[in-house]
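Below: one structure, written as structure tokens.
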Amino acid sequence: QVQLVESGGGLVQAGSSLRLSCAVSGGTFSIYALGWFRQAPGKEREFVAGISWNGGSTSYADSVKGRFTISRDHDKNTVHLQMNSLDPDDPAVYYCAAARAGTLQTSSVAYNYWGQGTQVTVAS
């Protein structure tokens with residue numbers, strides 16, 4: 001059974017940084033495409049960032065491009081989301097996800113496994 005566990009969320013001031021991590025277990029980490037999504041209250045879940053199985057391809061939502069960076073660590077079976085310059089539009093529950101199709105995926109329907117989410121709150 002594949003499990004994804006996010007960590008690193010919290011309350012920060014606007015302009016600050018946070019690093020989210022997601023530990024993947026129970027599957028074959030090295031073949032999965034990985035992604036981060038977020039969902040704010042009253043809004044639909046949206047794509048934030050994605051990375052291909054080998055890290056060779058990445059994609060970002062326009063709203064986070066230049067501020068967020070996704071990376072993966074094959075030794076630790078972990079995917080990270082470095083979030084800089086957080087602003088009042090970023091608060092949400094952030095979810096990591098894994099897709100058996102190893103190529104870069106930006107649509108939630110392509111992802112097979114999901115974590116429970118971690119809350120990010122930004123104080124202005």
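Values reported hereafter were calculated over all heavy atoms of this structure, with side chains retained and with hydrogens, waters and symmetry mates removed.
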Atom CD of Gln119: over 12 foreign heavy atoms under 6.0 Å: yes
Contact summary for Gln13 and Ser124, nearest pair of heavy atoms: OE1-O, 4.3 Å
Atom pair OG/CG of Ser16 and Asp87 - distance to nearest 0.5 Å: 11.5 Å
Rounded distance (nearest 0.5 Å) linking atom OG of Ser7 with atom CG of Leu20: 8.0 Å
Exercise: identify the closest heavy-atom pair between Gly102 and Ala33: O-CB, 3.4 Å
Euclidean distance, Gln3 CD relative to Gln116 CD, rounded to 0.5 Å: 9.5 Å
Over-ring placement of Arg72 relative to Phe29, 6.0 Å and 45° cut-offs: yes
Parallel, tilted or perpendicular: ring planes of Phe47 versus Phe37, cut at 30 and 60 degrees: perpendicular
Inter-residue atom distance Asp90.CG - Thr121.OG1, 0.5 Å rounding: 11.5 Å
Residue pair Val79 / Ile70, side-chain heavy-atom distance below 4.5 Å: yes
No-hydrogen, no-angle side-chain donor-acceptor test under 3.5 Å, Ser17 and Asn84: yes
Asn54 CG to Ile31 CD1 distance, which is reported to the nearest 0.5 Å: 12.5 Å
Residue list, salt bridge (Lys or Arg N to Asp or Glu O under 4.0 Å) with Asp89, at least two apart or on another chain: none
Intermediate values then yes/no, side chain to side chain contact (heavy atoms under 4.5 Å, CB included), Val120 and Leu18: CA-CA 9 Å; Val120 172; Leu18 272 178; 4.0 Å; yes
Heavy-atom pair with the smallest gap, counting every atom of Ala40 and Pro91: CB-O, 3.7 Å
Where Pro88 and Val122 come nearest, the two heavy atoms and their spacing: N-CG1, 4.4 Å
Contact check, side chains of Thr78 and Val24, non-hydrogen atoms, under 4.5 Å: no
Heavy-atom check, side chain of Thr103 versus side chain of Ser52, under 4.5 Å: no
Glu6 side-chain N/O to Gly117 backbone N/O, donor-acceptor pair under 3.5 Å: yes
Side-chain touch Val48/Phe68, heavy atoms, less than 4.5 angstrom: yes
Flag for Gln105-Ser107: side-chain donor and acceptor within less than 3.5 Å: no
Check: Ser21/His80 side-chain N/O donor and acceptor closer than 3.5 Å: yes
Aromatic ring pairing Tyr95/Trp114, orientation class (parallel under 30°, perpendicular over 60°, tilted between): perpendicular
Check: Gln39 and Tyr94 side chains under 4.5 Å, non-hydrogen atoms: no
Disulfide bond (SG atoms under 2.5 Å apart) contacts in which one or both residues fall within residues 11-96, not counting sequence neighbours: Cys22-Cys96
Nearest-0.5 Å distance, CD1 of residue Ile51 to OG of residue Ser57: 9.0 Å
Residues Arg38, Arg45; criterion side chain to side chain contact (heavy atoms under 4.5 Å, CB included); working and verdict: CA-CA 5 Å; Arg38 67 186 181 186; Arg45 189 172 299 189; over 6 Å; no
Co-membership, hydrophobic cluster, residues Tyr111 and Trp36, 4.5 Å side-chain: no
Minimum side-chain heavy-atom gap Tyr60-Arg67 below 4.5 Å: no
Lys65 atom NZ: more than 12 heavy-atom contacts under 6.0 Å: yes
Side chains of Tyr113 and Arg100, donor plus acceptor under 3.5 Å: yes
